[in-house]
Participant: 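Pasting a structure here, questions to come.
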Amino acid sequence: MSTLQLEKGTNNKLQTAISVWKGQKSFMPEEAVQSAANKTPGGKISAAEYCRNVPVLAPSITCMEALNMLKEQQHLPCLVICGEDSGPQGLLMKDVFYRKLTGRFAAELYYDRQVMDFAETDILLVESEDDPALMIQRALQRPESRFYDCVLITEGGRLQGVLTVQDLLLMSGKLQEEAEEQRKHTVNENYGHVSGMEYSLVEVSEAASLTLEECLRMKEWTMEGRVKLDEAGQSYAEAVENMNRNQKQVARLIENAGKISALTQGITELADRSGLLAINASIEAAHAGSHGKGFEVVAAEVRSLASQIRSLTSDISELLERISQLAAETGTLTSAGVEQIHAGAARLTEGNRMFGELEQAVGHVEKTGRSVHRLASDAAEQALSVKVELERTLA
């Protein structure tokens, strides 16, 4: 066969391939293209935004037909071989395919063979809803010989399009831009939070400082109150001692009044006997006549003295009775006063104990307030440092 005949035969096969290819649904369906274009939920990056539409070949298409497709559409990076279920089975990268089919004897050797014989079956398939960062990571992990192969995007196992290395780089750049925007947004938010936190911590520190001052003032008042209670307790103790002493003196007074009353009773009896003796002396003086005049005068004086003594002893008895009554009442009141003083002393003791607990509580609050003040001040300083660093990051 001459070269001219070979070229004519080759041209005829190319025309046939073009006709076959044009008669088949070699490209992605319109609904699949529309579905891929809408894969951007919530503004998030999706592989569908960067997905390229490429012809879909049946496994039975010849190399000549595939080559004709690539010559007619120079922008195509690859061709994808799919089965009847639209599931990818092989990948024909344009550059690799060209190198194989542009040799000196390529027409005789390869043009009539099926493209599946030259397709790469070790292909990277990713679902359209997969994380773009994960797609890029999987693509970067491929061996060097397959590094520049297109990544095939599927949905439910059906081909949706392909991503070239350039598309992956664009996606990576967009992810980095979004990450940078997110970082700035996060830094701005954190800056606001840190500023608010710094302001709150300063307020907490100031409040803790005021609380500490109040605690110190309360502690001082508590100590003064405890001193006053101690003084009052000492006064109560002295009052109780004096009352007990007075009670003993009243008891001795009542005892002495009883003794005086007994002595008065004896004086009264002596006065009565003196009066009787004076009466008898008067009678005897009357019997003596003129010789008894002097005795009669003496007897009268004795009678008068006895009467006065009886009157005085009666007054003394009444006075002693009143003194005894008043002393008894004083003893009763003293006993009641002692009981009240004891009750007051018990309340003072309880108050002293409560003041002790209050002093301990105030000491604990003071200690806690100092700790809160120190921690709040340190946290405010740290928040200020973080805010300064965030400002540098935003600059």
Participant: Over all heavy atoms of both residues, which pair between Val115 and Ala58 is shortest? Give the atoms and the distance, please.
Facilitator: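 That closest heavy-atom pairing would be CG2-O, 4.1 Å.
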
Participant: Does the side chain of Leu92 come within less than 4.5 Å of Glu120's, by heavy atoms?
Facilitator: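 They are not in side-chain contact.
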
Participant: Compare all side-chain heavy atoms of Ser128 with those of Thr154 and state whether any distance is below 4.5 angstrom.
Facilitator: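 Of all side-chain heavy-atom pairs linking Thr154 with Ser128, none is under 4.5 Å.
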
Participant: Look at the side chain of Glu49 and the backbone N and O of Ser46, then say whether any donor-acceptor pair between them is shorter than 3.5 Å.
Facilitator: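 Flag set: sc Glu49 to bb Ser46 pair under 3.5 Å.
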
Participant: Any side-chain heavy atom of Cys150 sitting closer than 4.5 Å to one from Met93?
Facilitator: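 With C-beta onward as the side chain, the pair touches.
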
Participant: Can you tell if the side chain of Phe97 reaches within under 4.5 Å of the side chain of Leu67, non-hydrogen atoms only?
Facilitator: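 Heavy-atom side-chain distance check passes, below 4.5 Å.
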
Participant: Any donor-acceptor pair under 3.5 Å linking the side chain of Glu65 with the backbone of Thr62?
Facilitator: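 Between the backbone of Thr62 and the side chain of Glu65 there is a qualifying donor-acceptor contact (under 3.5 Å).
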
Participant: Is the shortest side-chain N to carboxylate O distance from Arg158 to Glu155 below 4.0 Å?
Facilitator: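 No, no charged N to carboxylate O under 4.0 Å.
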
Participant: Spell out, as yes or no, whether a donor-acceptor pair under 3.5 Å connects the side chain of Glu127 to the backbone of Gly156.
Facilitator: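 Indeed, once roles are kept as given, a pair shorter than 3.5 Å links the two residues.
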
Participant: Atom CG in Leu70, atom NE2 in His75: separation rounded to 0.5 Å?
Facilitator: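 Between atom CG of Leu70 and atom NE2 of His75 there are 10.0 Å.
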
Participant: Side chain of Asn188, backbone of Lys184: donor and acceptor closer than 3.5 Å?
Facilitator: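 Yes, the answer is positive, given that a donor and an acceptor are paired below the 3.5 Å cut-off.
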
Participant: Tell me if a side-chain donor or acceptor on Thr164 pairs with a main-chain N or O of Asp167 at a distance below 3.5 Å.
Facilitator: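 Yes, because the side chain of Thr164 sits within donor-acceptor range (under 3.5 Å) of the backbone of Asp167.
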
Participant: Is a side-chain donor or acceptor of Arg52 paired with a backbone partner of Val162 at a separation under 3.5 angstrom?
Facilitator: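 Not at all, since once roles are kept as given, no pair shorter than 3.5 Å links the two residues.
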
Participant: Kindly indicate whether the side chain of Lys94, heavy atoms from C-beta on, has any atom under 4.5 Å from the side chain of Leu76.
Facilitator: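 No - every pair of side-chain heavy atoms lies 4.5 Å or more apart.
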
Participant: Mind running side chain to side chain donor-acceptor pair (under 3.5 Å) on His185 and Glu181 for me, showing each step along the way?
Facilitator: CA-CA 6 Å; His185 179 69; Glu181 290 297 324; over 6 Å; no

Participant: Tell me, do Gln89 and Thr121 make a side-chain contact under 4.5 Å, heavy atoms counted?
Facilitator: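 The answer is no, as the side chains (C-beta and beyond) never meet within the 4.5 Å cut-off.
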
Participant: Does any part of the side chain of Leu159, heavy atoms only, come nearer than 4.5 Å to the side chain of Ile153, both counted from C-beta?
Facilitator: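 In short, these two side chains do not touch, never coming nearer than 4.5 Å.
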
Participant: Count the heavy atoms belonging to other residues, nucleotides or ligands that lie under 6.0 Å from CZ of Arg322, then report whether that count exceeds 12.
Facilitator: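 Not more than 12 within 6.0 Å, no.
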
Participant: Side chain of Arg113, backbone of Tyr110: donor and acceptor closer than 3.5 Å?
Facilitator: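 Here the side-chain-to-backbone pair does not exist.
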
Participant: Say you draw a straight line from CG of Leu140 to OG of Ser172; how long is it, rounded to the nearest 0.5 Å?
Facilitator: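 One finds 7.5 Å between CG of Leu140 and OG of Ser172.
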
Participant: In the structure I gave you, are the side-chain heavy atoms of Met69 and Ile61 within less than 4.5 Å of one another anywhere?
Facilitator: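 Yes - at least one pair of side-chain heavy atoms lies under 4.5 Å apart.
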
Participant: Hey, is CD on Glu84 packed in by over 12 heavy atoms from elsewhere, all under 6.0 Å?
Facilitator: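 No, CD of Glu84 has 12 or fewer neighbouring heavy atoms, counting only those of other groups under 6.0 Å.
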
